[in-house]
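Just below is one structure, and these are the notes that go with it.
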Protein chains: 2
Amino acid sequence: MSGSVRRAMPSIEIVAKEAGVSTATAGRALGGYGSVSRKSREAVQAAAERLGYRPNSLARSMITGLTHTLGVLVPDIENPFFSRALRGIADAAHERGWEVLLVNTDEDLALERKALGVLAERRVDGLVVAPTDVADRDALQAVVDAGIPIVLLDRRVPGLDADTVGIDNRAAAKDATERLLKLGHRSVALLTGGDEKLRPKLSRPGLRGVERLAATTVGARAAGYRDALVEAGVEPRPELVSAEGFRREDAAAATRRLLALPDAPTAILALDSLLALGVLQALRGLGMRCPADVSLVAFDDADWAEAISPPLSVVAQPIYELGAEAGRLLLDRVQGSDKRFTHRRLPTRFIERESAASR
Amino acid sequence: MSGSVRRAMPSIEIVAKEAGVSTATAGRALGGYGSVSRKSREAVQAAAERLGYRPNSLARSMITGLTHTLGVLVPDIENPFFSRALRGIADAAHERGWEVLLVNTDEDLALERKALGVLAERRVDGLVVAPTDVADRDALQAVVDAGIPIVLLDRRVPGLDADTVGIDNRAAAKDATERLLKLGHRSVALLTGGDEKLRPKLSRPGLRGVERLAATTVGARAAGYRDALVEAGVEPRPELVSAEGFRREDAAAATRRLLALPDAPTAILALDSLLALGVLQALRGLGMRCPADVSLVAFDDADWAEAISPPLSVVAQPIYELGAEAGRLLLDRVQGSDKRFTHRRLPTRFIERESAASR
DNA sequence: TTGTATGCGTTATCAG
DNA sequence: CTGATAACGCATACAA
């Protein structure tokens, strides 16, 4: 016999009664506010213990106006980038006594809008969002106007009253491209993973106008890619820029198409690690070797990057820190900071391994 | 000028006043319960729209006794197994109008206990837990006794009143081991990833007694591994069973140790994909080739498994389905099901690729 | 130090 | 169909 089974949770009123004091005193004894005599406190604590009392945080939130909950909106929790960033956010939150309400938006604008509404109804104290599309500005701004601060992760939304955390995508892509150029490659392909909407914008002669896309991650990286080429006196060729989807199979197909081109690329820059996997898979299928036949550099230092043959050279983002910083920034706002909105760019690190070689 | 900026969220009382009706009527008009005249409804809806009204779900939960929130406790959200399972849980939840409150327990028992308390205080309607340790039975049972149903994911806790979802670890490990044996391997190592606590239990002559560990994932798989060996007439050698940590470096170190053994293993069964990465990395460092020198089979079909050279043969778990099923089972309980507790075992699939070859 | 009373924003009950 | 009013469980101002 290990204690009786309680079905319903006792309220503070029950505890108070059991301890022979008023609810106010019980509240003070348990909540640690106000002042209580030692005798009362002990009686209350004993009663609470006996009854298995747990304060109802809903009731508390109604009074205090704080739910101690952060909403997190990400496009795809399975993506290692976001699961690692989420970890950073969650750690930062827990450290200061907050919990995380997670919603997967699946890159779906309608779902994202609905989620924003739901999280607002739940009165989350703040929101970390990796928005699906810049087009969601109004829905996001509405949440901010309702008094819920937002921190944008990885992606920016021009004109939104929010802090943002990310990397300097343009500079990072430029740096990676320059390294490939320095290795003697003249025909460098860019695997963006973007979708159809992006394709026309990436196909202008000489990639003119990409800088106007710089608000998006893909756009900024494409701009950096072009910057490097132009500075090196290499004419950017739109047919070497692929935007055929972000799945591994998409990347494999894109790779096959690229390598079948006249004057085919001798190096590929992939904008994330899943795309790099597609490239590797296509190369295997084609019987080509990396880096002997094609050099490869990818964004994000996946856990497998160092273990495969050849080990992959990558542009490593401080993903965990990105998330943690977003969480901290948000909690600062929640706790009343009214500093100007900041746009934190964390440094990236190029990790040279063996997948990119000179030709 | 795009509408005025509201700082505080209006309550239903404000909306009612604006629409010229009572709060009760406003509530009915917005909540869709009871009956309201068309005229009132339209007036209320217009007012709500104008004021940007959002119902306060906290207040609603206080009344209805439902938070429409599922708590999810996982040891490590960065682990692809859990991030994919989480996706399944979240999808199942959203489908039925629930949200997910996520907590990372970091394989820390104290943290897990604390999280259980916090989630109980938040009055989550139910909990999906991948418990860190079987030892947490009492804390889990206390939550169940408080009226919050629990579904266990991936791991079991004997004696706990909860549904469980997972695979048949013993059978899956036995099958994988048998395949290695059929390829002619006689010296097969098992990389468990377990920690020090496990080591003594795995080092008895002939692996006797492992079946008593079968409640844990590692224990069950070790038992399956032994089953296969014994049935094939191969004496299990404890020194071929490693439990030196679940990080990649741990696996790499373990691999080096194993391969330095007299009568070294010619095949390795790794209990998750991160461990497999460690094996691969160690082999590269040793200048050994897979599968020519050492065959490798791992649990979990990581996204890179098919893309690397050689493509990895794996025991694939239906991870997403595991999560989704856990979510559905839990929601059934939340919505009043009082069927007997079920222990759902989903089928695994062996995917033969090229990392395991005959010798 | 303690107790009483009020309010947070809903839903639910019950007259009218 | 509508409105007043009582919960829900807690925190807090105020009085004792």
Side-chain angles (χ1 to χ4, degrees), chain A residues 6-45 47-48 51-69 118 120-125 146-147, chain B residues 6-45 47-48 51-69 118 120-125 146-147:
Chain A
R6 294 160 266 91
R7 274 262 135 237
M9 302 209 196
S11 69
I12 200 165
E13 197 182 334
I14 309 292
V15 175
K17 200 165 292 174
E18 169 95 3
V21 299
S22 72
T23 62
T25 302
R28 284 185 280 251
L30 295 168
Y33 53 91
S35 48
V36 207
S37 70
R38 210 173 64 115
K39 193 178 147 212
S40 300
R41 179 174 38 246
E42 284 171 0
V44 170
Q45 286 173 340
L51 270 48
Y53 170 74
R54 292 240 154 244
N56 183 326
S57 74
L58 298 171
R60 177 178 293 158
S61 292
M62 297 230 5
I63 310 269
T64 61
L66 274 181
T67 54
H68 283 260
T69 304
V118 170
E121 292 186 1
R122 301 210 163 211
R123 301 295 192 264
V124 294
D125 300 325
Chain B
R6 293 161 265 92
R7 273 262 137 238
M9 302 210 198
S11 71
I12 200 167
E13 196 182 333
I14 309 291
V15 174
K17 200 165 291 176
E18 169 96 3
V21 298
S22 70
T23 63
T25 301
R28 284 185 281 252
L30 294 169
Y33 53 92
S35 47
V36 208
S37 70
R38 210 173 64 114
K39 196 177 144 213
S40 298
R41 179 172 40 245
E42 285 172 357
V44 170
Q45 287 174 338
L51 273 55
Y53 170 75
R54 292 239 154 245
N56 182 328
S57 76
L58 299 170
R60 176 178 295 157
S61 293
M62 297 235 355
I63 308 279
T64 62
L66 274 180
T67 54
H68 283 259
T69 304
V118 170
E121 293 186 1
R122 302 213 164 208
R123 300 299 191 263
V124 295
D125 300 324

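Throughout, protein chains are lettered first and strands after them, A, B, ... in sequence-line order, and every chain is numbered starting at 1.
- Between A/Glu42 atom CD and C/dT1 atom P the separation is 14 Å, expressed in whole Å.
- Per the geometry, CG belonging to B/Asn56 stands 7 Å off P belonging to C/dG9, to the nearest Å.
- Among the atoms of the strands shown, none is found under 4.0 Å from any heavy atom of B/Arg123.
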Take A/Arg123 and B/Met9 through the side chain to side chain contact (heavy atoms under 4.5 Å, CB included) test and state the conclusion after the steps. CA-CA 10 Å; A/Arg123 301 295 192 264; B/Met9 302 210 198; 3.4 Å; yes

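- Using a 4.0 Å cut-off, no side-chain N or O of A/Ser22 falls inside it from OP1 or OP2 of C/dT2.
- One finds a side-chain N or O of A/Ser37 lying less than 4.0 angstrom from the OP1 or OP2 phosphate oxygen of C/dT2.
- The residue A/Ser35 sits close to a base: some heavy atom pair falls under 4.0 Å.
- Position along DNA chain D of the nearest nucleotide to B/Ala24 versus B/Ala59 favours B/Ala24 as the more 5'-ward residue.
- When the P atom of C/dT10 is taken as reference, atom CD of A/Glu121 falls 10 Å away, rounded to whole Å.
- For A/Ser40, a side-chain nitrogen or oxygen approaches OP1 or OP2 of C/dT2 to under 4.0 Å.
- Taking all atoms of both residues into account, the shortest heavy-atom contact from B/Gly34 to B/Arg28 is CA-CD, 4.1 Å.
- Distance, B/Leu51 CG to C/dG9 P: 14 Å, rounded to whole Å.
- Rounded to an integer number of Å, the gap from CZ of B/Arg54 to C1' of C/dC8 is 20 Å.
- Between B/Met62 atom CE and D/dA7 atom C1' the separation is 9 Å, expressed in whole Å.
- In this structure, the nucleotide among C/dT10, D/dG9, D/dC10 sitting nearest to the side chain of B/Pro55 is C/dT10.
- The separation between B/Tyr53 atom OH and C/dG9 atom C1' is 7 Å, rounded to whole Å.
- Scanning atom types as modelled, one donor and one acceptor separated by under 3.5 angstrom connect the side chain of B/Arg28 and the base of D/dG3.
- Counting heavy atoms from C-beta on, the side chains of A/Arg60 and A/Pro55 come closer than 4.5 Å.
- With C/dT1, D/dA11, D/dC8 as the choices, the nucleotide that has an atom nearest any side-chain atom of A/Tyr33 turns out to be D/dA11.
- With hydrogens and angles disregarded, a donor-acceptor distance shorter than 3.5 Å links the side chain of B/Arg122 to the backbone of A/Thr67.
- In this structure, CD1 in A/Ile12 is found 7.0 Å from OG1 in A/Thr23, a value given to the nearest 0.5 Å.
- Looking at heavy-atom distances under 4.0 Å, A/Ser61 makes no contact with the nucleic acid at all.
- Side-chain nitrogen and oxygen atoms of A/Arg60 include none within less than 4.0 Å of the OP1 or OP2 phosphate oxygen of D/dC10.
- Taking only side-chain nitrogens and oxygens, A/Thr64 never comes nearer than 4.0 Å to OP1 or OP2 of D/dC10.
- Protein atom CG of A/Leu58 is 22 Å distant from nucleotide atom P of C/dG7, rounded to whole Å.
- Residue-environment remark: CD (A/Glu13) stays at or below the threshold of 12 foreign heavy atoms within 6.0 Å.
- Of the two residues contacting DNA chain D, namely A/Ile63 and B/Lys39, the nearest-nucleotide position lying further toward the 5' end is that of B/Lys39.
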